Amino acid sequence: MKEGKSLIEKIKLIKRDAQKRKKNYREEQLNRPISFWIKKDRLVNEVGKEFTIILRTRGCSWALSENGGCSMCGYYLDANNEGVKDSNIISQFDYALNNKINEIKQDSNNFVIKLFNSGSFLDDNEISKEVRNYVYEKISKVEKFKEIIIESRVEYITSEKLEEIKGFFGKKHCEIGIGLETVNNYIRNNYINKGISFKSFKDALKRCKDHDVGVKVYLLFKPLFLNEQAAIDDCSNSIDVLNGLGVNSISINPMNIQKGTLAEYLWFQNRYRPPWFYSLFKCIKKSVNKGDLNDTRILCDPSGAGTKRGIHNCLRRKCEYSAKKILTNFVLTQNIIELEKQEYECDCKKKYSLRKAFY
Amino acid sequence: MTYFFEVLASKIGYSRIGRILFSKERKLYITTPNVIIPIKIALMKQLNFIQEFENHELFTISKDFFLKIGFIREKFKNNAFVFTYPGTIQKFQEILEENNNIFSQDNIISSIPFNIPTTSISVEFAQKEIRNYLLNVEKILKSYPSLNFGLSIKIFDYVELFDYYIPIINQFENIKILNLVDLFENLNNFRNILKIIFRIKNELDNNLIVMVSGRIIPKYYPILVYLGIDLIDCSYSLFLSAENFYDTIEYLLPIYKVKYFPCSCLVCKGNLKNVINNKHSAEKIDLLSLHNLITASNYMKKIKQYLNYEDFRVFVEKSSLDETNLISILKILDKNYNYYLKYETPIIQKSKIIRSLGPLSYHRPDFQYFREHTIKNFEPEPWTKLIILLPCSAKKPYSQSKSHKKFYSVIRKFNEFPNFQEFILTSPLGVIPRQLENIYPVNSYDISVTGEWDNEETNITAEMLIKLLKKYDKKIPILCHLKNGYLEIVKRASSKLPHDFVFSEIQDKTTSIKSLESLEKLIKQYKDKFQLKYNNLKNEYLSKTWNRKFAKILDYQFGIGSGNKIMSNGLKTVHVRVNNQIDLIDLKTQEKLGFFKFSTGQIKLTIKGFRKLILSLHSINSHYIVFDGDKIQGNTLFRRGVLEFSSDLSPNSQVIIVNKERKRIIGSGELIVSSNFLKNSKNGRIAKIYEWK
């Protein structure tokens with residue numbers, strides 16, 4: 001592979017090679033969502049359940065642009081290059097909802113419905129206004145859905161679209177997930193290649209607050225080119241700043257290695273290691289105090305946790321299981337004490353402290 | 001700003017002994033070279049760690065927790081610390097601000113971190129990152145002008161990017177330490193490593209402390225010290241412990257493989273052997289950490305001992321044999337950097353045995369210096385009528401050996417023996433004129449002798465022989481009293497020279513009666529074959545052996561013709577047994593011109609001796625320093641007092657010191673450093689003064 005000159009060129013080169021192996025989806029596949037599931041989750045003030053739907057669209061505009069997309073994101077491989085019609089997206093949504101609606105209605109828990117399209121829900125090029133309105137309408141009629149989460153880049157969060165949301169949901173709590181990744185502009189744009197400024201985020205946050213729409217901020221824990229301590233510093237700084245800005249939720253996403261990404265390229269060469277659980281716990285304990293949790297939800301549901309492509313300690317089953325359990329309990333209870341509990345004392349903690357400076 | 005670091009002695013290669021002044025009031029000095037022991041919470045919980053290292057001079061701390069006053073001030077007040085923060089530079093700035101009062105204390109210095117990015121994807125990417133880092137560095141240095149800092153240097157394998165660091169290093173005087181973070185990550189890139197080291201030594205202030213951190217294992221320490229590294233962060237030894245490696249220096253052994261503990265530290269004598277089979281044991285890692293740190297620390301003590309008191313170069317050669325890249329580094333240094341290294345290397349070593357171990361030793365800087373200097377500065381005595389080539393001997397100087405005494409018994413039978421020029425052939429020094437047999441390193445080298453010479457040895461000696469013999473009239477006969485491998489040297493030389501070579505008949509040994517008879521017969525036969533052109537050599541003619549030697553030693557030290565100038569009135573020699581030296585007295589004026597020390601093989605000239613050497617103070621072009629004043633106080637000359645200096649100075653060179661108008665000689669001394677150091681520094685000790693005017 002020719003060495004690209006800049007981060008963008010490198011990302012594009014890797015994607016180009018990965019996409020050579022990709023096939024287009026058939027019509028029946030385009031009518032089914034990529035995935036959907038129900039599982040336990042933390043709502044704003046209670047433990048409940050999430051109903052998550054991953055929609056297949058034409059893909060994130062940022063990833064499709066000349067800028068190449070984010071350095072850790074491999075979701076472009078799930079998108080359909082030829083485009084996905086409105087009818088397909090509606091079919092995907094209906095399929096998932098129809099499949100789970102009875103289960104939802106019979107469950108005693110309240111639900112949060114999460115609509116992810118690995119792009120921007122508010123991007124008209126990806127999901128049209130008509131589709132959005134159809135989806136909003138359907139959701140508004142399900143009593144159990146107390147909270148709604150969609151995702152969008154900041155440039156698509158306009159007053160008009162926020163009014164739309166409020167118009168449909170009224171008392172339901174809606175949050176827009178924004179992939180800020182870090183409050184540090186340099187890391188965000190030079191290592192993650194996000195293409196947004198902190199100022200533009202703050203402007204979007206203000207617009208959301210003005211329209212009484214909540215904001216959930218995604219923070220990437222240990223982006224490429226950072227070591228463990230830098231990851232802790234960066235993420236805890238971000239949490240401090242975001243608490244000060246009064247965001248509704250912070251979702252910490254530890255890096256996971258996705259196919260066809262610069263992250264995978266470096267990981268294969270042992271030039272990047274996903275973070276340790278110990279680092280994540282340190283970060284949260286450092287920057288979150290009890291008082292903060294009254295106002296801001298801290299969420300964390302890492303992909304690939306406990307595997308070599310995701311956040312992991314030593315990969316021994318007992319250790320990984322224990323760490324995942326601690327994290328889940330913390331998220332569900334929003335109680336910092338959960339992070340102090342140590343059911344399984346693994347010797348890898350010692351190794352971590354001695355090796356940390358070199359990861 | 002007061003000095004932070006000073007060089008106390010230059011040693012072979014770029015190695016040096018120095019000290020860091022952490023506190024003048026409390027006299028807190030840290031000697032270099034040295035290892036920096038990492039302090040971790042896990043280590044501090046081990047009593048053995050505290051016992052073992054409480055008197056160690058220098059530690060790294062990486063958590064701001066350790067900056068709290070109680071810890072630094074009370075527990076370790078006689079130690080010094082380097083704060084190396086492992087996270088972002090922004091967080092480091094916060095810590096700096098919060099703990100400014102602690103950093104202003106006198107036993108801690110922080111190294112500005114350059115931890116991210118951890119890797120680079122292209123040279124353009126690396127360039128951008130370095131520029132961004134240096135912008136942050138500049139802000140920090142400007143914000144805290146009265147604090148000293150270390151500067152982390154990363155080049156991501158792109159040698160050319162080192163250029164970006166130079167302006168900022170030269171601009172800010174509060175950068176005291178250069179912390180090379182990734183230079184030794186990949187030892188396969190040894191050529192790049194050497195390029196950077198060379199640039200540091202030749203373009204930057206030589207009073208900057210050079211530190212290395214990152215993936216450094218103790219096996220590299222000798223070569224690092226040889227390259228002029230002053231401080232080594234041994235945190236990587238902890239990483240290796242976490243990977244279950246047991247360091248024996250020669251090897252990093254997986255702990256489960258260790259059956260016989262080759263170390264008697266308190267860990268290896270203690271519980272380690274009981275836990276090695278526990279696959280997942282925190283105690284095992286703790287003990288391994290301690291053992292590996294002790295090993296690193298002890299190895300550095302050994303290095304310091306040898307650097308101070310033994311021939312350090314031979315130790316570097318021996319230790320390099322554990323890693324092929326280290327061998328490559330030495331070879332490239334000797335081959336490609338010798339022009340610079342020979343001026344950095346002391347021209348003498350006192351009272352040491354200098355062992356030549358093999359091909360790695362042949363081109364060491366002091367040996368190359370000797371060979372080049374001899375060829376350049378040895379001028380034939382104009383009364384030479386016959387050249388005799390002899391083999392070397394184990395005992396030094398050669399004339400004290402049994403074999404050479406036997407040769408002498410033949411040669412000195414002839415009254416005209418001063419007309420004979422003896423050359424001794426030897427490996428790896430080449431060709432030794434008899435007059436130079438007492439100088440360094442001829443007076444102290446040792447090599448394995450089997451009669452067999454390898455091709456390189458033969459070439460070195462043959463080429464030197466050719467260059468020396470070319471200085472002689474081709475009609476002067478050359479008698480060879482040699483056997484075995486020596487003959488091949490003469491064969492190669494004779495094929496390129498017009499001279500007549502004649503060979504004595506060697507029966508059994510060169511010292512056998514028959515062999516010596518053959519030599520005597522040849523001398524008789526050939527001693528008058530060559531007619532001297534100049535009959536009236538009375539004034540120059542030297543018949544006394546020591547006078548002949550001193551004439552050539554002076555030429556060797558100060559240039560061709562120096563011997564004649566200094567001895568122009570004739571010379572009286574006085575053996576001073578108590579000092580193991582010979583005083584050189586001017587025969588006419590009875591003034592002491594200098595003295596020759598057997599331990600160093602060097603003549604030290606007095607001011608009177610120097611006066612004879614110099615025609616005019618305005619025209620001297622070597623071995624001089626112009627002092628910024630009319631009188632020197634004390635017995636040390638410092639850099640600040642130096643206005644001008646000659647460019648050919650090596651450590652242990654002698655210099656004449658003149659006043660700033662160049663009208664008077666005000667002292668003489670011996671250099672501690674080289675011309676290169678003088679060129680690249682503003683402070684520091686330069687020379688020891690041994691005579692004042």
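Convention: sequence-line order gives letters A, B, ...; per-chain numbering from 1. Predicted model, so just to flag it, every value in this text is computed and none were measured. Worth knowing before you read on, the calculation uses all heavy atoms, side chains too, and leaves out hydrogens, waters and symmetry mates.
- Counting heavy atoms from C-beta on, the side chains of A:R316 and B:H280 come closer than 4.5 Å.
- Note that NZ of B:K91 and CG of A:N237 are 8.0 Å apart. Values are rounded to the nearest 0.5 Å.
- For the atom pair A:L354 CG and B:L288 CG, the distance stands at 10.0 Å (nearest 0.5 Å).
- For a residue to count as touching a neighbouring chain, one of its non-hydrogen atoms must lie under 4.5 Å from one of that chain's; by this rule B:K284 does not touch chain A.
- Listed for the A:N227 side chain is no donor-acceptor partner under 3.5 Å among the backbone atoms of B:I116.
- Annotation: the span from B:I121 atom CD1 to A:L13 atom CG amounts to 10.0 Å, rounded to 0.5 Å.
- Using a 4.5 Å heavy-atom threshold, the side chains of B:T118 and A:L226 count as separate.
- Heavy atoms of B:E283 lying under 4.5 Å from chain A are absent altogether.
- Residue contact with chain A, scored on non-hydrogen atoms closer than 4.5 Å, involves the side chain of B:S289 exclusively.
- Contact check for A:S6 versus B:F125: no side-chain heavy atoms found under the 4.5 Å cut-off.
- Contact of B:S120 with chain A is made through the backbone alone, with heavy-atom distances under 4.5 Å.
- A:Y186 and B:E129 share a side-chain donor-acceptor pair at under 3.5 Å.
- A:Q229 has its side chain out of reach of B:N115: every pair of non-hydrogen atoms, C-beta onward, lies at least 4.5 Å apart.
- Using bins of under 30°, 30° to 60° and over 60° for the plane-to-plane angle, the ring pair A:F358/B:F239 lands in the perpendicular bin.
- By the 4.5 Å heavy-atom criterion applied to side chains, A:N190 and B:K128 are counted as neighbours.
- We find the CG-OG1 distance between A:D234 and B:T88 to be 7.5 Å, quoted to the nearest 0.5 Å.
- Between the side chains of A:D233 and B:Y85, at least one donor-acceptor pair of N or O atoms lies under 3.5 Å.
- Within the 4.5 Å cutoff, the side chain of A:K351 has heavy atoms near those of the B:I285 side chain.
- Under a cut-off of 6.0 angstrom, the local environment of CD in A:Q19 is crowded, with over 12 non-hydrogen atoms contributed by other residues, nucleotides or ligands.
- Of the listed residues (A:F225, A:Y352, A:Y272), the greatest number of heavy-atom pairs within a distance under 4.5 Å of chain B belongs to A:F225.
- When each of B:P113, B:S62, B:A282 is checked for heavy-atom pairs under 4.5 Å with chain A, B:A282 comes out on top.
- Of the atoms belonging to B:Y236, heavy atoms from both backbone and side chain fall under 4.5 Å from chain A.
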